[in-house]
Asks: 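If you scroll down you'll find the structure; I have some questions about it.
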Amino acid sequence: MKIYNTLTRQKETFTPIEEGKVRMYVCGPTVYNLIHIGNARPMIVFDAFRRYMEYKGYEVNYVTNFTDVDDKIIKKAQEEGVEASEISSRYIAECKKDMEGMNVRPATVHPLATEEIDGMIEMISVLIEKGYAYAVADGTVYFRTGKFAPYGKLSHKNPEDLQAGHRDIKVTGELKEEPFDFVLWKPKKEGEPAWKSPWGEGRPGWHIECSVMSKKYLGETIDIHAGGEDLIFPHHENEIAQSEAASGKEFAHYWMHNGFLNIDNRKMSKSVGNFFTVREIAQKYDLQVLRFFMLSAHYRSPLNFSAELMEAAKSGLERICTAAEQIERLQKVSDRKEMTAEEEELYAGTEQFREKFEAAMEDDCNTADAVSAIFELVKYINTNVSAEQSGSYLRKLYDRLKTLCDVLGIRIELKEEVLDGEIEKLIQERQDARKNKDFARADQIRDDLAQKGIILKDTREGVTWKRA
Ligand code: AMP
Ligand code: ZN
């Protein structure tokens, strides 16, 4: 299996530290709001990669964190007049719902930064002892970047250039020794969450969180560290500096970074108004469509999101599901069990698609080509199934299709799912019917929804609903 390693800027053959096992860390979201579709990209593509490695027989220890202490979380908490922990736990729960909708499997562990503070204090203390960090008078602890010689090895930036660039923008009054020294610990500000430490009350910097969580759950050296390409610098560069300075060992062997998701060819931005949360997409589409859309591109390419491309993903996914449905239907009417020699041969003909699929995934997780191989299999199925064929043959074709779709986490099982947007629309229609005294129609809508497992409840504040 080949992986494009940002560290060496080339595709390398993957060799795990321990045979048959993979230790992988993926930087997770900062939880101050519902996740947006950009955040969904690393979740989906690295989940597909994890599934492929498991399909190959690796035991994958997959760790992805939630950053639950951060300026944006604190700001939101202050706006709402609640504790920061209330904001983060709310959005962690919401993020998990979105992950489920996108069929992103829970990680082996989902550590929270706020539950790992002791480990952070410990690593910062080691860095100070070794001369890689220093505390200043106001209680801030900085990493002494200039002392870590390989600094810049991931982003391929030259430390001298970096330093020169920073010098111009040096803020007067800062207590740090050098402009490119970064924060490991920051002192408490009024009204902010804080923890006791040898340097006074305060909270950790963002970078130290991932170094510590990765070490705790995966060890000092891991196989793969991943995230969006915006994290290469400074986040991942700083993680490397902290972890390697503390342990004296290489932090991660392979660094994988996904390209950015743009909307209508522009950077996603709230202020421009081209910004979607995963939840907004769920109003209109089954989130499987969003997943399929993401996997139809190579993870390192920039990906453009548009209504047309989502429609194309929707019909592509439908084509696959229709083929699966067709086999299932034929299987029910098939009255022969045993496979004929001709069917054996036809089934053997599907081997090429499995091979193509695997070759694509072996080549730096090329899900775009893996999806093409599935489409070719679907075409083959559509021309080679009929009611005259044996149940075993049909079953084997179905299993082949399902196995490959499972590797990408694409569900093909028949499922009539009612989307949130449709439910809201029907509830409104029911309210209108009631207003017009058309109680028969109103009751019918309620009963239809109940049949699909949607329970309505009339309350004084209006109609609420839940899935049974
Ligand atoms: P954040 O919450 O900003 O730290 O982001 C969580 C993850 O989402 C990181 O791996 C980011 O690199 C990734 N990410 C954020 N925005 C985008 C985007 N527009 N396209 C792709 N990945 C993104
Ligand atoms: Zn991180």
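Just follow the structure's listing: the first ligand is 1, and inside any ligand the first atom is 1. Counting from 1, the numbers follow the sequence of the chain as shown.
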Asks: Does the pair Met1 and Phe49 meet the rule for a side-chain contact (heavy atoms from CB on, under 4.5 Å), with working shown?
Replies: CA-CA 11 Å; Met1 188 169 68; Phe49 189 52; 3.9 Å; yes
Asks: Is the CD atom of Glu59 crowded by more than 12 outside heavy atoms at less than 6.0 Å?
Replies: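 Incorrect, the count does not exceed 12.
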Asks: Ignoring angles and geometry beyond distance, decide whether Leu261 reaches within less than 3.5 Å of ligand 1 through its nitrogen or oxygen atoms.
Replies: yes
Asks: Any nitrogen or oxygen of Asp230 lying under 3.5 Å from a nitrogen or oxygen in ligand 1? Just yes or no.
Replies: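 Yes; the residue has a nitrogen or oxygen that sits under 3.5 Å from a nitrogen or oxygen of the ligand.
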Asks: Is Glu229 in polar range of ligand 1, meaning some N or O pair under 3.5 Å apart?
Replies: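 Among all N and O atoms of Glu229, none is under 3.5 Å from an N or O of ligand 1.
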Asks: So is there a nitrogen or oxygen of Gly228 less than 3.5 Å from a nitrogen or oxygen in ligand 1?
Replies: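 Yes, since at least one N or O of Gly228 sits under 3.5 Å from an N or O of ligand 1.
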Asks: Could you check which of Gly227, Gly38, Gly28 puts a non-hydrogen atom nearest to atom 14 (N) of ligand 1?
Replies: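 Nearest heavy atom to atom 14 (N) of ligand 1 lies in Gly38.
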Asks: Considering non-hydrogen atoms of the protein only, which is the closest contact for atom 9 (C) of ligand 1, and what is the distance?
Replies: Leu231 CD1, 3.7 Å
Asks: Which residue pairs pass the salt bridge (Lys or Arg N to Asp or Glu O under 4.0 Å) test when at least one of the two sits in residues 112-129, sequence neighbours left out?
Replies: Glu116-Lys216
Asks: What is the closest protein heavy atom to atom 17 (C) of ligand 1, and at what distance does it sit?
Replies: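 Ranking protein heavy atoms by distance from atom 17 (C) of ligand 1, first comes Phe260 CZ, 3.5 Å.
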Asks: Please say whether Thr30 places an N or O atom under 3.5 Å from an N or O atom belonging to ligand 1.
Replies: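 Yes, Thr30 has an N/O under 3.5 Å of an N/O on ligand 1.
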Asks: Provide the number and element of each atom of ligand 1 under 4.0 Å from a heavy atom of Pro29.
Replies: 2 (O), 6 (C)
Asks: Short list, please: which atoms of ligand 1 are under 4.0 Å from a heavy atom of Gly259?
Replies: 21 (C)
Asks: Please determine whether a side-chain nitrogen of the Lys or Arg among Glu237 and Lys157 lies less than 4.0 Å from a carboxylate oxygen of the Asp or Glu.
Replies: no
Asks: Does the ring centre of Phe276 sit less than 6.0 Å away from the ring centre of Phe305?
Replies: yes
Asks: Are the charged groups of Lys186 and Glu201 less than 4.0 angstrom apart, N to O?
Replies: no
Asks: For atom 13 (C) of ligand 1, find the nearest protein heavy atom and state the residue, atom name and distance (0.1 Å precision).
Replies: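 In this structure, atom 13 (C) of ligand 1 has Pro42 CG, 3.8 Å as its nearest protein heavy atom.
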Asks: Run the salt-bridge test on Glu80 and Lys75 with the 4.0 Å N-O cut-off and return the result as yes or no.
Replies: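 Judged by the 4.0 Å cut-off on N to carboxylate O distance, Glu80 and Lys75 do not form a salt bridge.
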Asks: Nearest heavy-atom pair of Ala246 and Met123: which atoms, and what distance?
Replies: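 In terms of heavy atoms, the two residues are closest at CB-CG, 3.9 Å.
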Asks: How about Phe182 and Tyr142: are their ring centres within less than 6.0 Å of each other?
Replies: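 Between Phe182 and Tyr142, the centre distance exceeds or equals 6.0 Å.
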Asks: Can an N, O or S atom be found in Cys27 less than 2.8 Å away from the Zn ion (ligand 2)?
Replies: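 Yes, Cys27 qualifies, because one of its backbone or side-chain N, O or S atoms lies under 2.8 Å.
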Asks: Using a 4.0 Å cutoff against the non-hydrogen atoms of Asn258, which atoms of ligand 1 qualify?
Replies: 21 (C), 22 (N)
Asks: What do you reckon, is NZ of Lys153 surrounded by more than 12 foreign heavy atoms closer than 6.0 Å?
Replies: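 Yes, NZ of Lys153 has more than 12 neighbouring heavy atoms, counting only those of other groups under 6.0 Å.
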Asks: Could you check whether any heavy atom of Ala226 sits closer than 4.0 Å to an atom of ligand 1, since that is the contact criterion I want to use?
Replies: no
Asks: Is His236 close enough to the Zn ion (ligand 2) that one of its N, O or S atoms comes in under 2.8 Å?
Replies: no
Asks: Around Glu19, counting heavy atoms of other residues, nucleotides and ligands shown, do more than 12 lie under 6.0 Å from its CD?
Replies: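 Count not over threshold, so no.
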Asks: Does His36 come within less than 4.0 angstrom of ligand 1, counting non-hydrogen atoms of the residue?
Replies: yes
Asks: What protein heavy atom sits nearest atom 6 (C) of ligand 1, and how far away is it?
Replies: Asn39 ND2, 3.5 Å
